[in-house]
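These numbers were taken from a predicted model, which means no experiment stands behind them. One-based numbering along the sequence shown.
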Amino acid sequence: MELKKVGYCYASFNELKEVLNNYKKEYGLKHFYKFIEFEVKTNKGINFSIVKSFKKFKYPNRLTKYYWSIFGINAAALKKFELHTNMTALSIREYDAIKGGAPYQVFKSEV
């Protein structure tokens, strides 16, 4: 099955690793050329995958917080992430609102 980006989480590398270690050892940690991936699997498949890419080839600072992308089959992966980690997940729409996704916004008045 194809995984799609479903949201984000704001955490440091150490936080994610510690939370997933405390939950169960059912996750894989992959280091590739420019990104790090945590992948949480069960016997039925992938629950969710957390990915962060870096522009420079260096290991990230373990205490600095980043926005990590959450990938899953559908939006239920965000809920699974919250249940597994007890951390808050942001949907793509919430993330865009924080970062200022649109160059302009339309506000409707209720008058």
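Partners of Tyr10 by ring-ring contact (aromatic ring centres under 6.0 Å, His included), not counting sequence neighbours, listed by chain and number: Tyr67. Every residue two or more places apart in sequence or in another chain that forms a ring-ring contact (aromatic ring centres under 6.0 Å, His included) with Phe48 is listed here: Phe81, His84. Partners of Lys4 under the side chain to side chain contact (heavy atoms under 4.5 Å, CB included) rule, at least two apart in sequence or in another chain, do not exist in this structure.
Residue Ala11 comes nearest to Met87 through the heavy atom pair CB-CE, 3.2 Å, listed as atom of the first residue, atom of the second, then distance. Of all the heavy atoms in Ala77 and Gly72, the pair that sits closest is CB-CA, 3.7 Å.
Rounding to the nearest 0.5 Å places CG of Leu78 at 10.0 Å from SG of Cys9. Rounding to the nearest 0.5 angstrom, the gap separating the NZ atom in Lys52 from the CG atom in Leu16 is 11.5 Å. Summarising the geometry, atom CG belonging to Asn74 is positioned 7.5 Å from atom NZ belonging to Lys80; distances are rounded to the nearest 0.5 Å. The distance from atom OG1 of Thr85 to atom CG of Leu20, rounded to the nearest 0.5 Å, is 7.0 Å.
The backbone N or O of Ser91 lies less than 3.5 Å from a partner atom in the side chain of Glu94, making a donor-acceptor pair. The backbone N or O of Lys79 lies less than 3.5 Å from no partner atom in the side chain of Glu82, so there is not a single donor-acceptor pair.
Under the side chain to side chain contact (heavy atoms under 4.5 Å, CB included) rule, Lys5 has a single partner from Ile92, Ile70, Val51, which is Ile92.
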Practice prompt. Take Leu3 and Ile73 through the test side chain to side chain contact (heavy atoms under 4.5 Å, CB included) and record every step on the way to the result.
Written response: CA-CA 5 Å; Leu3 298 178; Ile73 297 170; 4.0 Å; yes
| request: For Tyr66 and Phe13, run side chain to side chain contact (heavy atoms under 4.5 Å, CB included): C-alpha distance rounded to whole Å, both residues' side-chain angles, the deciding distance at 0.1 Å, then the answer. | output: CA-CA 8 Å; Tyr66 302 102; Phe13 178 83; 5.9 Å; no
